[in-house]
Q: 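Quick one: this structure, given as structure tokens, is what I'll be asking you about.
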Amino acid sequence: IRDVAVTGVQTCALPIYKVVGKSRGSFANAIFRNLVKITDLDKKIEESNLSNIAKLSIKYSHPEWIVQSYADVLPDHQGLVALLTANNSSTKPDFVAWPGKADRATEVGEAIVGTHFGFTSDLAPVNMPSVSERRVGVQDRGSQLVGEVFLATANINEKKLSWLDMCAGPGGKAAFLYNYLATFRPADSFTANEISPHRADLVKQVVPAEHVLVSDGQDIKGQFDRILVDAPCTGLGALRRRPEARWRKSDADLKELIKIQKELIDGAISMLNPGGIIGYATCSPHSLETKVQVADALIRHKNFELMDISTLNPGFKTGIQKDGTMQLWTHRDGCDSMYLALLRMKP
């Protein structure tokens, strides 16, 4: 609505309104009533002299820089439109039955194909006792798949492993990792780290406090066999669940985020045991936060290589790319557009 009411007025010759008096509600309602009367808005947009990116920006209410970032990595126009449409569509929450604490077969809902612990339900989280009892978590299936793939790396080496969730807040992935390891690999150790004390407190609600650190990711003491870097990012992959986020970020944020991501990867590499594996994940498909960031890390660290996720035999095939990384898409996979790359220290 914001784009149509502002940009649309300027480019499509729509009526212009001025605020008179203090009745803001009446003013807004007048705009909405007149917008409803406009039946040829799409036609006016298409007939304008705007670029294709600008047209899509207005029609689907996404900032142009976000539309462009999607267009840079999606292969066709149809897929781009499908993604923008999906971002504006409502969806039910996904749930994860934490291993050792709940069984999705006994929950009211439908199993999510491709996951081992995920399910959807028509019930609201507040109406699910298992959620309030912290046996089940609300977690997008994309994040669940990232967690399951990362945990599958344990099968490469059956020895006792040490695990680190480097950027654990607010705790969804950390809770899944902790409960899985406690149930199926009790000899392994697990640490969740979060730089923000407030977010660390949220992690402590779902992971025992003795497993939670509050520190900068680069200041953690110790060495680990598996490190998950779920890096701070633009969040462009989660706009369906957090539609307001598209207006809170700008392409100017990228420079600082890319710098942080790079530092976190380097920090993880410095703490990795020989033969260890890093899972680098973002909730963004932006190329500078995904494949470019990973390519840069491999250039700077010659003793690392990219693992092929398909060799881990995950319960799904969607999203696995030719280079072995995973890129999920909201319009195709019904989840946040998560990215995951596995970086392994060469023998």
Side-chain angles (χ1 to χ4, degrees), residues 73 142-159 161-168 173-174 176-177 180-181 185 188-193 195 216-220 222-234 237 257-314 316 319-328 337-347:
V73 290
S143 292
Q144 293 182 47
L145 293 175
V146 166
E148 290 200 15
V149 169
F150 185 57
L151 287 166
T153 64
N155 298 330
I156 297 172
N157 191 333
E158 292 296 337
K159 71 173 185 177
L161 298 174
S162 54
W163 301 72
L164 170 66
D165 185 349
M166 198 173 185
C167 311
K173 291 186 185 69
F176 180 41
L177 296 176
Y180 180 95
L181 294 171
R185 296 182 61 90
D188 289 8
S189 63
F190 175 77
T191 302
N193 177 74
I195 189 173
D216 188 301
Q218 299 180 77
D219 297 332
I220 302 171
Q223 296 294 119
F224 302 89
D225 300 301
R226 301 288 187 272
I227 301 177
L228 177 63
V229 182
D230 187 8
C233 66
T234 55
L257 286 167
I258 291 170
K259 178 176 178 291
I260 293 172
Q261 293 159 6
K262 179 177 178 179
E263 292 173 347
L264 289 171
I265 291 174
D266 289 349
I269 285 175
S270 70
M271 292 184 289
L272 197 66
N273 284 325
I277 297 172
I278 294 171
Y280 172 73
T282 66
C283 189
S284 168
H286 198 296
S287 60
L288 294 180
E289 299 184 280
T290 57
K291 57 185 179 182
V292 174
Q293 188 71 269
V294 169
D296 178 67
L298 293 174
I299 290 173
R300 291 184 292 106
H301 301 279
K302 302 296 186 182
N303 59 329
F304 276 79
E305 61 187 359
L306 197 60
M307 284 185 60
D308 184 350
I309 288 175
S310 65
T311 62
L312 299 175
N313 297 316
F316 64 98
I320 300 178
Q321 305 182 100
K322 292 181 179 180
D323 64 356
T325 62
M326 180 178 75
Q327 178 65 70
L328 302 173
S337 297
M338 297 291 301
Y339 173 84
L340 175 66
L342 298 178
L343 307 177
R344 177 170 53 188
M345 185 182 292
K346 296 178 183 178

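Below, each value reflects all heavy atoms present in this structure, side chains not excepted, and no hydrogens, waters or symmetry copies. These numbers come from a predicted model, not from an experiment.
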Q: Please step through side-chain contact (heavy atoms from CB on, under 4.5 Å) for the pair Asn273 and Ser162, ending with a clear verdict.
A: CA-CA 9 Å; Asn273 284 325; Ser162 54; 4.1 Å; yes
Q: Keeping Gln293 on the side-chain end and Ile258 on the backbone end, is there a donor-acceptor pair under 3.5 Å?
A: yes
Q: Can you tell me how far the CD1 atom of Ile265 sits from the CZ atom of Phe304, to the nearest 0.5 Å?
A: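 Between atom CD1 of Ile265 and atom CZ of Phe304 there are 10.5 Å.
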Q: When rounded to the nearest 0.5 angstrom, what is the spacing between CG in Leu264 and CE in Met166?
A: 5.0 Å
Q: Is a side-chain N or O of Gln261 found less than 3.5 angstrom from the main chain of Pro232, in a donor-acceptor match?
A: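 At least one qualifying donor-acceptor pair exists.
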Q: Quick one: are Val146 and Leu328 in side-chain contact, heavy atoms under 4.5 Å?
A: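 Counting from C-beta outward, Val146 and Leu328 never come under 4.5 Å.
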Q: Which heavy atom of Ala341 sits nearest to which heavy atom of Val294, and what is that distance?
A: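 Taking Ala341 first and Val294 second, the nearest heavy atoms are CB-CG2, 3.8 Å.
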Q: Between Asp225 and Trp163, is any side-chain donor less than 3.5 angstrom from a side-chain acceptor?
A: no
Q: Decide yes or no for His286 and Tyr339: does some side-chain heavy atom of the first lie under 4.5 Å from some side-chain heavy atom of the second?
A: no
Q: Nearest 0.5 angstrom please: Leu306 CG to Lys291 NZ, how far?
A: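 Between Leu306 CG and Lys291 NZ, I get 13.0 Å after rounding to 0.5 Å.
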Q: Less than 4.5 Å apart, any side-chain heavy atom of Met338 and any of Thr282?
A: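 When only atoms from C-beta onward are counted, Thr282 and Met338 do not touch, as no gap falls below 4.5 Å.
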Q: Under the side-chain contact (heavy atoms from CB on, under 4.5 Å) rule, what do Val229 and Ile227 come out as? Steps first, then yes or no, please.
A: CA-CA 6 Å; Val229 182; Ile227 301 177; 4.1 Å; yes
Q: Which heavy atom of Gly324 sits nearest a heavy atom of Asp308, and at what distance?
A: CA-OD1, 3.4 Å
Q: Indicate the atoms forming the closest heavy-atom contact of Phe150 with Ile277, along with that distance.
A: CE1-O, 4.3 Å
Q: Starting at SG of Cys233, measure out to CD1 of Ile260 and round the result to the nearest 0.5 Å.
A: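 One finds 11.0 Å between SG of Cys233 and CD1 of Ile260.
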Q: Is the backbone of Lys302 close enough, under 3.5 Å, to the side chain of Lys346 for a donor and an acceptor to pair up by distance?
A: yes
Q: Is it true that Asp266 and Lys262 make a salt bridge, defined as a side-chain N closer than 4.0 Å to a carboxylate O?
A: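 Salt bridge between Asp266 and Lys262, a charged N being under 4.0 Å from a carboxylate O: no.
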Q: Apply the test side-chain contact (heavy atoms from CB on, under 4.5 Å) to residues Met326 and Leu342: give CA-CA distance (whole Å), side-chain angles for both, the deciding distance (0.1 Å), then the verdict.
A: CA-CA 9 Å; Met326 180 178 75; Leu342 298 178; over 6 Å; no
Q: Report, as yes or no, whether the 6.0 Å neighbourhood of atom NZ on Lys259 holds more than 12 heavy atoms from other residues, nucleotides or ligands.
A: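 Atom NZ in Lys259 is not crowded, with 12 or fewer foreign heavy atoms closer than 6.0 Å.
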Q: Please name the pair of heavy atoms, one in Ser284 and one in Thr290, separated by the smallest distance, quoted to 0.1 Å.
A: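 Minimum heavy-atom separation between Ser284 and Thr290: O-CG2, 3.1 Å.
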Q: Might you point out which heavy atoms bring Pro314 and Val149 nearest each other, and give the distance in Å?
A: CB-CG2, 4.4 Å
Q: So, the side chain of His301 versus the backbone of Asn303: is there a donor-acceptor pair under 3.5 Å, distance only?
A: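 No; zero donor-acceptor contacts below 3.5 Å.
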Q: Does the side-chain contact (heavy atoms from CB on, under 4.5 Å) test come out yes or no for Leu228 and Leu164, once each step is laid out?
A: CA-CA 6 Å; Leu228 177 63; Leu164 170 66; over 6 Å; no
Q: Does any N or O in the side chain of Asn193 come within less than 3.5 Å of the main-chain N or O of Cys167, such that one atom is a donor and the other an acceptor?
A: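 No.
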Q: Does any N or O in the side chain of Glu305 come within less than 3.5 Å of the main-chain N or O of Met345, such that one atom is a donor and the other an acceptor?
A: no
Q: Can you spot which of Leu340, Leu145, Asp323, Thr153 makes a side chain to side chain contact (heavy atoms under 4.5 Å, CB included) with Ile309?
A: Leu340
Q: Identify the two heavy atoms, one from Gly147 and one from Leu177, that lie closest to each other, and give their separation to 0.1 Å.
A: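 Result for this residue pair: O-CD2, 4.1 Å.
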Q: Between Thr325 (side chain) and Gln321 (backbone), is there a donor-acceptor pair under 3.5 Å?
A: no
Q: With a 4.5 Å limit on heavy-atom distance, are the side chains of Phe190 and Asp165 in contact?
A: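 Phe190 vs Asp165: side chains touch.
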Q: Ignoring hydrogens and geometry, is there a side-chain-to-backbone donor-acceptor pair from Gln223 to Met271 under 3.5 Å?
A: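 It does hold such a pair.
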Q: Working to the nearest 0.5 Å, report the span between CG of Leu272 and OG of Ser270.
A: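 It is 9.0 Å, given to the nearest 0.5 Å.
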Q: Roughly how far apart are Phe224 CZ and Ser189 OG, rounded to 0.5 Å?
A: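 Result: 7.0 Å between the selected atoms.
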Q: Check for a donor-acceptor pair, side chain of Glu289 on one end and backbone N or O of Thr234 on the other, with a separation under 3.5 Å.
A: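 Flag set: sc Glu289 to bb Thr234 pair under 3.5 Å.
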Q: Under 3.5 Å, side chain of Arg226 to main-chain N/O of Ile278, donor-acceptor pair present?
A: no
